[in-house]
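Side-chain atoms are counted along with the backbone in the values below, which use heavy atoms only and exclude waters and symmetry mates.
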Amino acid sequence: MFLQLMVVSIVTLGLFTCSVTAAPQQPLPQELMARKPVNLLPDDLEKSMIFRNEADSTPPATAAWRNEDGVGTVLRVETFNRPKNVDWVDVKYMFREPVKKGDVLLMRLLVRSEYAKQESGEAMFQVAVQQSKPDWARHLLTPLTAGPDWAWIEIPFAAARDADETQGEVHLSFGTIPQAVQVGSIELWNFSDRAKLSDLPQTRFSYRGREADAQWRKDALERIEKTRTAPMNIRVIDAAGAPIPDAKVEVRLVRPAFIWGSEVDSALIVADTPDATKYREMIPQLFDTVVIGNGMKWPKWSGSAASRALQLAAADWIESQNLRMRGHCLVWPGDKFSPKRVQAMPAPRAELSPLIKEHIRDILTQNRGRMVGWDVVNEMIHERDYFKYMPETEAAEWFKVAKETDPSTKLFINDYGMLNSRTSPDTIETYLQIIQRLRDAGAPIDALGVQGHIGRQVRNPTDVLADLDLLAKSGLEIQITEFDINTLDEELQADYTRDFLIALYSHPATTGFTMWGFYQKSHWKPDAAMYRADWSEKPNAKVWRDLVLTKWKTSIDATTDAAGELKTRGHLGDYSFRVSGGGKEARQMRKLTATGADITIQIP
């Protein structure tokens with residue numbers, strides 16, 4: 001376990017930056033080759049491959065070497081289902097060179113994801129370097145991800161113990177999710193005592209536009225000032241209507257027009273533990289809007305009376321904190337996300353359509369007036385099981401039923417695979433085509449939900465802005481409904497969170513942003529959280545505080561001029577005003593819209 005944690009930290013603290021553009025075959029630098037390292041892997045990897053595929057993966061996984069234009073011969077491994085264990089889909093290579101404890105080694109992989117059935121689009125696999133029997137001692141064990149672009153991954157590590165020439169094994173294990181991974185190169189170099197770990201290249205992903213003086217960021221911040229703020233002209237008068245100079249004015253944005261939210265765990269909200277107490281304390285400090293992540297989904301909502309009561313209790317608490325609430329989600333048209341009674345329905349499932357509508361009416365009636373928005377259909381691009389038994393346009397009826405049941409809530413369609421990879425424009429085109437077909441069928445779609453699940457390989461901000469331009473062609477408002485960046489590199493995580501927020505807030509078609517969780521113990525991707533298990537703050541949490549809670553949450557303390565006036569600007573939303581002078585004070589609430597506000601406050 002110690003070795004595993006050590007290796008992960010080495011990757012995170014790496015010195016070598018790897019961008020996410022195409023990466024051809026790349027030899028080791030001459031200064032490293034001068035140290036005479038030995039490549040421990042066999043010359044003919046194709047013939048020496050040992051492939052393991054456990055029986056529970058049906059249809060089975062496949063692995064084969066083939067030619068790939070521009071790269072050469074590549075190993076392609078495709079996993080069709082989700083095996084019970086990562087090493088149930090495993091490619092193994094034996095090496096026949098001895099290794100001594102403390103030897104400095106370098107694993108090099110050239111990899112890309114052809115496709116991956118998860119929101120970030122990144123393939124997930126594991127690499128291990130170990131001894132064979134008797135004790136399977138591991139020199140290296142670390143999880144890795146691969147994005148859609150060819151990229152080198154370089155991992156330096158130290159041998160854990162001596163191993164003779166009969167014991168060496170390299171394992172690439174792919175039994176994680178349905179995916180296809182291409183491996184263009186596999187190398188394992190032993191520098192013995194001729195190098196230190198700090199001498200070797202170490203992969204650290206980055207992105208274009210990260211530099212401190214990036215022009216795109218300057219332009220975006222200017223757009224934010226022009227489009228997200230407006231003038232406030234404040235005039236303070238006395239009971240007779242005369243202006244009051246030098247009156248003290250306190251201006252606070254109490255509810256931004258833009259949604260800044262997070263997914264929350266209903267069970268933790270209602271729990272009676274120290275973590276739950278802290279969790280409830282932090283939510284209103286950090287966010288103005290929340291979404292119950294799993295509890296309002298069909299299986300849990302209809303699972304039992306106790307489960308439903310828990311969700312309603314959590315919603316009551318959210319309302320008590322004067323927080324806005326989003327609903328997620330009414331219909332997720334995949335069998336694996338459905339109640340068991342749906343999964344058990346035999347074809348042609350004639351009762352499915354009325355059952356869906358009954359569920360929509362039920363949950364919306366129970367929560368009528370509570371939600372500022374609902375994700376009516378979730379992941380319709382990717383989850384299509386229901387449409388084996390009904391036309392795609394049946395989804396338009398779900399929107400109609402939702403609008404009839406709760407006309408006050410904004411209705412979203414929600415999906416993933418956009419804003420996070422070079423394939424995003426293709427997914428966006430498919431998304432817009434589905435949306436248009438549903439609107440043609442009468443679906444009252446109010447807004448586009450775009451998930452923002454991101455892995456180690458991130459999309460540069462100028463491309464994110466271009467993706468948002470494509471989405472904006474729909475004429476509908478856009479919200480990022482599920483953001484996280486799942487990486488151990490906390491510096492990259494913080495920098496990209498900053499730049500993603502700036503890019504998003506600067507785009508005029510966007511109206512909201514929701515983190516998909518913030519606390520490590522209740523996060524579906526623990527490394528993506530803003531707060532660790534002990535509630536210590538990560539760098540991405542500081543970014544949130546600096547931008548969302550400080551720079552973009554207007555707070556002004558000033559005094560009126562000789563004419564009793566104060567001219568300023570603020571971010572759009574609901575404001576509290578407190579003015580005082582002559583030993584008296586007055587308070588007022590006002591809304592600041594894009595047209596600005598002329599505000600007169602009278603002190604009695």
Checklist outcome for this item: Smallest heavy-atom separation, Leu476 atom then Ala447 atom, equals CB-CA, 4.3 Å
Next on the checklist: Tell me whether the count of non-hydrogen atoms from other residues, nucleotides or ligands lying under 6.0 Å of CD in Gln215 goes above 12.
Outcome noted: yes
Checklist entry - Listed by chain and number, what are the side chain to side chain donor-acceptor pair (under 3.5 Å) partners of Ser424, not counting sequence neighbours? => result none
Checklist entry - For residues Asn378 and Glu383, is any side-chain donor paired with an opposing acceptor at under 3.5 Å? => result no
Checklist entry - Judged by modelled atom types alone, do Asp275 and Tyr519 share a side-chain donor-acceptor pair under 3.5 Å? => result yes
Next on the checklist: If I take atom CD from residue Glu379 and atom CD1 from residue Ile381, how far apart are they, to the nearest 0.5 angstrom?
Outcome noted: 9.5 Å
Checklist entry - Out of curiosity, Thr203 OG1 to Ile153 CD1, how far, rounded to the nearest 0.5 Å? => result 6.5 Å
Next on the checklist: Rounded to the nearest 0.5 Å, what separates atom CG in Asn190 from atom CZ in Phe95?
Outcome noted: 8.5 Å
Checklist entry - Would Gln457 and Tyr207 count as having a side-chain donor-acceptor pair, cut-off 3.5 Å? => result no
Item to check | Geometric class of the Trp332/Phe337 ring pair [parallel <30°, tilted 30-60°, perpendicular >60°] | outcome: parallel
Checklist entry - Could you go step by step and tell me if Val104 and Asp193 meet the side chain to side chain contact (heavy atoms under 4.5 Å, CB included) rule? => result CA-CA 6 Å; Val104 172; Asp193 58 358; over 6 Å; no
Checklist entry - Just by distance, with hydrogens left out, do Gln130 and His139 show a side-chain donor and acceptor under 3.5 Å apart? => result no
Next on the checklist: Are Pro178 and Thr79 packed together at the side-chain level, in the sense that at least one heavy-atom pair is separated by less than 4.5 angstrom?
Outcome noted: no
Checklist entry - Do Gln179 and Glu114 have side-chain N/O donor and acceptor atoms under 3.5 Å apart? => result no
Next on the checklist: Whether the side chain of Asp489 engages the backbone of Leu492 through a donor-acceptor N/O pair (distance < 3.5 Å, no angle test) should be reported.
Outcome noted: yes
Checklist entry - For atom CG of Asp43, is the number of surrounding heavy atoms from other residues, nucleotides or ligands below 6.0 Å larger than 12? => result no
Checklist entry - Going through the distances and angles, do His382 and Tyr416 end up as a ring pair (Phe, Tyr, Trp, His ring centres under 6.0 Å)? => result CA-CA 8 Å; His382 302 88; Tyr416 68 85; 3.7 Å; yes
Checklist entry - So do the side chains of Trp544 and Leu549 get within less than 4.5 Å of each other, counting heavy atoms only? => result yes
Checklist entry - Is Glu491 paired with Arg204 through a side-chain N to carboxylate O contact shorter than 4.0 Å? => result yes
Next on the checklist: Looking only at the side chains, is there a donor atom on one of Tyr531 and Glu537 sitting less than 3.5 Å from an acceptor on the other?
Outcome noted: yes
Checklist entry - Less than 4.5 Å apart, any side-chain heavy atom of Trp189 and any of Leu200? => result no
Item to check | From CA spacing to verdict: ring pair (Phe, Tyr, Trp, His ring centres under 6.0 Å), His328, Trp516 | outcome: CA-CA 12 Å; His328 178 81; Trp516 204 244; 5.2 Å; yes
Checklist entry - Hey, are the side chains of Thr62 and Phe80 touching, using non-hydrogen atoms and a 4.5 Å cut-off? => result yes
Checklist entry - With distance as the sole criterion, is a donor-acceptor pair present between the side chains of Trp524 and Asp484 under 3.5 Å? => result yes
Item to check | Polar side chain donor-acceptor pair, Ser536 to Arg532, under 3.5 angstrom | outcome: yes
Checklist entry - Would Arg76 count as a cation-pi partner of Trp65, with NZ or CZ less than 6.0 Å from the six-membered ring centre and within 45° of the ring normal? => result no
Next on the checklist: Asp499 vs Arg210, test: salt bridge (charged side-chain N to carboxylate O under 4.0 Å, His left out). Steps then yes/no.
Outcome noted: CA-CA 8 Å; Asp499 286 341; Arg210 188 179 183 182; over 6 Å; no
Checklist entry - Can you say whether the rings of Tyr505 and Trp552 are parallel (under 30°), tilted (30 to 60°) or perpendicular (over 60°)? => result tilted
